[in-house]
Each structure stands twice: as C-alpha cells, then as structure tokens.
Protein chains: 2
Amino acid sequence: MLDESGSKISPRTISRLPVYWRYLKELDDFGIERISSRELAGRIGSTPSQLRQDLNQFGHFGQHGYGYPVEELLSSISQILGLNRTRKMIIVGMGNLGMAIASYENFGRRNIKLAALFDVDPERIGTVVSDVQIQHADEMPKFLEENQIDIGCVSTPPEVAQEAVTTMEHGGVLGIWNFAPVKLQTKLPVEHLHLGDSLLELLYRIGRREDK
Amino acid sequence: MLDESGSKISPRTISRLPVYWRYLKELDDFGIERISSRELAGRIGSTPSQLRQDLNQFGHFGQHGYGYPVEELLSSISQILGLNRTRKMIIVGMGNLGMAIASYENFGRRNIKLAALFDVDPERIGTVVSDVQIQHADEMPKFLEENQIDIGCVSTPPEVAQEAVTTMEHGGVLGIWNFAPVKLQTKLPVEHLHLGDSLLELLYRIGRREDK
DNA sequence: CAGCTTATGTTAATCTTATAACAAGGCTTG
DNA sequence: CAAGCCTTGTTATAAGATTAACATAAGCTG
Ligand SMILES: NC(=O)c1ccc[n+]([C@@H]2O[C@H](COP(=O)([O-])OP(=O)(O)OC[C@H]3O[C@@H](n4cnc5c(N)ncnc54)[C@H](O)[C@@H]3O)[C@@H](O)[C@H]2O)c1
Ligand SMILES: NC(=O)c1ccc[n+]([C@@H]2O[C@H](COP(=O)([O-])OP(=O)(O)OC[C@H]3O[C@@H](n4cnc5c(N)ncnc54)[C@H](O)[C@@H]3O)[C@@H](O)[C@H]2O)c1
C-alpha cells in the first residue's frame, strides 16, 4: 500500500524523507532489524509523532506494539524516493563546485550515474573526472538528443545558468539541481541549493545570539 | 526602528532574508532607486503580501503610495543579517568540497574573511588556497586560542565531523556551517547543507512527475 | 493646492504543519 | 495461552505561515 495517488504529500514531509532514508540505511548497515518511532526520532532529532505522521502519508509500515522493520521500511522509502531505478545526471559548469560534485563517490549509493560533464573553458575540456571526460557545452544539445538524461546539475556562473537550463529542458532532462544563485525560468522541477544564502542565514543567527 | 527585541522572527522569514538581500543588491548595482513590493516579489518569485509581512517584522522601511527605497532597504537588511561587521571563517576538511568553498571569490561581498584551512592529509597540508595555507588539524586548538573565529565550516567525512565541531566549540567559534551528513552535538547554531538530501528530494519530485 | 492614485502597514481569514492524545491491535512473558 | 504491555495509526488540538483584504498615508497631477 504505497503512496495512494490522489493524496497530496506535504512538502515538509518530502524534505524529511531523505533524512529518514539516511538513518535507516545506517541502521540496516549495522544489522539492526527493528526500531520504534521514538528511538528513530531521537536519533534524527525529530519527534515520534512527526515521524509516524510522515510515514503514514504513504502507507502502514509499522506493527502495533512492535515498531518498524528496518529493512522493509528502508526498502519502502527507497521506492518512494525513486531509488530503485538508476538515474543519469550531467553537470554543466565544471568549476570549483562542479568538480567537487563530480568527484563525489557516494552518488552510486543513491543509484545515480554520471553521464556527461560540460564546460566552455578550453583548459578544462578534455579533462577526465570520475571516468568522464569534460566536453564543450556546445555539444550538449546533440548529447541530449542521443541520451535520455534525468538530472541536470547547474554549477555555472549565474549569468549563463538560464541558458543551460533552457538547453537541458529542450533536451528532455527531467529535473534541475541548481547551485547558481538565480531564479530559473522552467517548467521542470528545480531543487535549489544556494550556499551563499545558507551562510547568510547562519550569520544572522550568530548575530542574534550575541545580542542576548 | 530595527528589529525590536522581544518579538520572535519566524524561521521562514529568516531564510528569505538572504534572498531579499541578493535581489536588492542587484537592483542597487543597476542604480535602481525604488521598488514596490509587487515588483520585487515578482522578480523573486514570491508575493507582495509575504514580502511586506516579512519586512514589517523588523520595522517600517517603505513609504505609502511610493514603495521601498532600494539603497536604504538594502542597508537595513545588511544590518539585520549582520553584514556590517567582518566575520572570520575557517574550513576543516579540504577535500573536494572544502577546496570549492575556499576558492569561492564572493565571500568578500558578504564581509567574510577566510582565516585558516585545516586537513590531516599530508599531501594537502602546505598547499595554498585563496592566499591561505592548509595546516594540520592538530594545530586547530592552538590557532583558535590565538584567534577569535566566528564561523567554522565542516567539510570532513561524516565520521570525524563531530570531533571537529567539538574542537571548534571549545575554541570559541560562534556558529557551524556543516556539509557533513550527520546530526551534530553542539549548543552552537548550526546551518546544515546536505547535498545528498537535496538531490534525493529532486529525485522524488522527478518520480512523482512521471506518474501523472 | 486639492483631489486622485498608489502602494504601504496591519488586521483578518485561510491554509499548512506540528504536537498531543488515545483507542486499537499485536507481541511478549510468565 | 491469556493478561498485560507497548507502540502504532489516527484523530483532535494547537501553533505557525501564507494569502487576502482594506484602511491609511504619502506622492503626484492638473
Ligand atoms: N564555490 C562556492 O563555494 C560557491 C558558493 C556560492 C555559490 N556558488 C555558485 O555556484 C556556481 C559555481 O560556482 P564555482 O565556484 O564552481 O564557479 P567557477 O567560476 O569556479 O565555475 C564556473 C564554471 O562554469 C564554466 N562556464 C562558464 N560559462 C559556461 C557555459 N556557458 N556553459 C558551461 N560552463 C560554463 C566556467 O568555465 C567555469 O569552469 C556559481 O553560480 C556560484 O555563484 C558557488
Ligand atoms: N562532494 C560532494 O559532492 C558531496 C556531496 C554530498 C555530501 N558531501 C559531504 O561533504 C563532506 C566533504 O565531502 P568531500 O567530497 O569534500 O570529501 P573528501 O573526502 O574529498 O574530503 C574530505 C577531506 O577531509 C579531510 N579529513 C579527514 N579527516 C579529517 C580530520 N580529522 N580533520 C580535518 N580534515 C580531515 C580529508 O583528508 C579530506 O581532504 C563529506 O562529509 C561528504 O559526505 C559531499
């Protein structure tokens, strides 16, 4: 009984699913077979109520008076998140950040495969990162025609991010993972990750703390 | 009339302040002198109501029938965020991500100064990034004794992140900017930025989209 | 300079999210 | 194997956030 369609899942719940996935994976790796909502919530830094509320939006995974079977729940959440099928990702803009992302080894655990890398800097083109060679961004439309890509990661300077996204959308990419600090014009789902904003938020909280 | 103490600012509002700051800075750079909540909200992808609601938690910055003076509002928000004073940051864990962050040029615009870099890998120690030399992590306690540091950026592997944070907290660091996917035990304000979680969220949204 | 236009500050209503409470149901233990 | 003990699923309550509405006040125009 997974994710009965028709019911809308709350955005807050969605943003917590990856956290649940991570902790469950850890428990499973440790060989722990069952866990209560209280115990799991404690580790995560959440509340039992919220955890149960979240999970029950997708179905009934627990057992009365017993808790949740770790392996089964992990598998269910993996399926909800779409981790059961492999997704292909490309990265546009192989600067500092693009390099770091391309070098990250743990995408495999999430069933994500690096399919291509693009830049415009002649110095960078040809370089091999994580077994993938950087191509010129001009090659992208042709590449997208020949390959079905799921995720387009944008780590270009903000001025050219929109252009890259437009190309990707036309090329059939399904979602955008964006690090450039701009609002993107697209119908695709976009996941923003702006480091600068996050740092400013921290700054604010540090400042407020000192006042007291 | 800035930020009358006693009134609690909503977390959601706080997370939008950096966005306002970014867009106002852009307007100011373009020499635009005034803007209405409708116009600004339109650019940001928000609503006029929300924008006014947010700003009015801190004071009265606008003028009836006129809008907001860009330069003045920018200056007010800068002050609210604490950008008027310079903050010192250190980075622990100079791997892929640490390198990218250290190489980012725009921290200066936010009045943040890179004070030191730490790692344990002998290959990396001694390397100079953005005019700062990487030191051994063992030097950190001594460095923190001699220097007042505001922000500690954690980009180590998750297993050693807690240790680094403990050292930083003891050393008088005021806030943690964390990229390691672990819950940190500390009384300091922590700003999490987990790339993996963000990617999984995107994956979920891509999956849901295909269903329809 | 008076009336009109415009966009604010603020209050009210709606919608969303989180917390709390509890009845129902399955394990466990003696 | 039956009584008790847990912990779930679910419903109810409270808190928080967003959207909408509107009276108010400042600029602008003729
Ligand atoms: N590195 C950070 O810590 C950091 C922090 C905050 C925000 N960001 C944002 O992340 C993005 C990437 O940051 P970065 O530090 O890696 O910048 P960077 O300048 O190091 O990298 C940008 C790369 O994009 C390439 N590029 C330029 N135009 C292109 C195009 N049309 N097509 C493809 N590639 C193109 C450049 O050649 C360069 O290699 C930027 O938008 C930046 O604002 C980065
Ligand atoms: N790069 C990515 O795209 C990405 C994605 C998701 C999460 N993350 C997380 O960000 C963090 C950093 O990622 P990365 O890709 O840069 O990893 P990395 O392995 O490239 O870098 C880690 C660095 O930390 C150093 N280190 C190890 N122990 C240390 C210690 N005790 N003190 C100081 N330094 C120490 C290592 O020598 C290495 O240079 C990790 O926690 C990772 O899980 C990274």
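All values below were derived from every heavy atom in this structure, side-chain atoms included, with hydrogens, water molecules and symmetry-related copies excluded. Residue numbers begin at 1 in each chain, while the letters A, B, ... track the order of the sequences.
- Two residues, B:S10 and B:G65, neighbour DNA chain D, and the one matched to the more 5' nucleotide by heavy-atom proximity is B:S10.
- Taking atom CZ of B:R38 as the reference point, atom P of D:dT19 lies 17 Å away to the nearest angstrom.
- Computed from coordinates, the A:Q53 CD to C:dT17 P distance equals 11 Å when rounded to whole Å.
- The residue B:P11 sits close only to the backbone: its heavy atoms come under 4.0 Å of sugar-phosphate atoms, none of a base.
- One can place CZ of B:R52 at 14 Å from C1' of D:dA25, the figure rounded to the nearest angstrom.
- The side chain of B:Y68 contributes an N or O atom lying less than 4.0 Å from OP1 or OP2 of C:dG9.
- Of the side-chain N and O atoms in B:Q63, none sit less than 4.0 angstrom from OP1 or OP2 of C:dT8.
- Between B:Q50 and B:T13 the shortest side-chain heavy-atom distance does not fall below 4.5 Å.
- Taking atom NE2 of residue B:H60 and atom P of nucleotide D:dA26, one finds them 12 Å apart after rounding to whole Å.
- To the nearest 0.5 angstrom, A:L200 atom CG is 10.0 Å from B:E191 atom CD.
- Counting to the nearest Å, the P atom of D:dA26 and the CZ atom of B:R34 are 15 Å from each other.
- Atom pair A:N56:CG and C:dA23:C1' shows a separation of 15 Å (rounding to whole Å applied).
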Quiz prompt | A:V154 vs A:V92, side-chain contact (heavy atoms from CB on, under 4.5 Å): CA-CA, chis, key distance, verdict | solution = CA-CA 5 Å; A:V154 178; A:V92 187; 5.5 Å; no

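- A donor-acceptor contact closer than 3.5 angstrom is absent between the side chains of A:Y104 and B:N96.
- Separating the NE2 atom of A:H64 from the P atom of C:dT28 is a distance of 15 Å, rounded to the nearest angstrom.
- Side-chain contact between A:Y68 and A:Y66 is absent, with no heavy atoms from C-beta onward closer than 4.5 Å.
- Within the nucleic acid shown, B:S37 comes within 4.0 Å of sugar-phosphate atoms alone, with no base atom in reach, counting heavy atoms only.
- The interatomic distance linking B:L55 (CG) with D:dT18 (C1') rounds to 15 Å, in whole Å.
- A:R12 comes within 4.0 angstrom of sugar-phosphate atoms only, judged by non-hydrogen atoms across all strands, and of no base.
- Within the 4.0 angstrom heavy-atom criterion, base atoms lie near B:S49.
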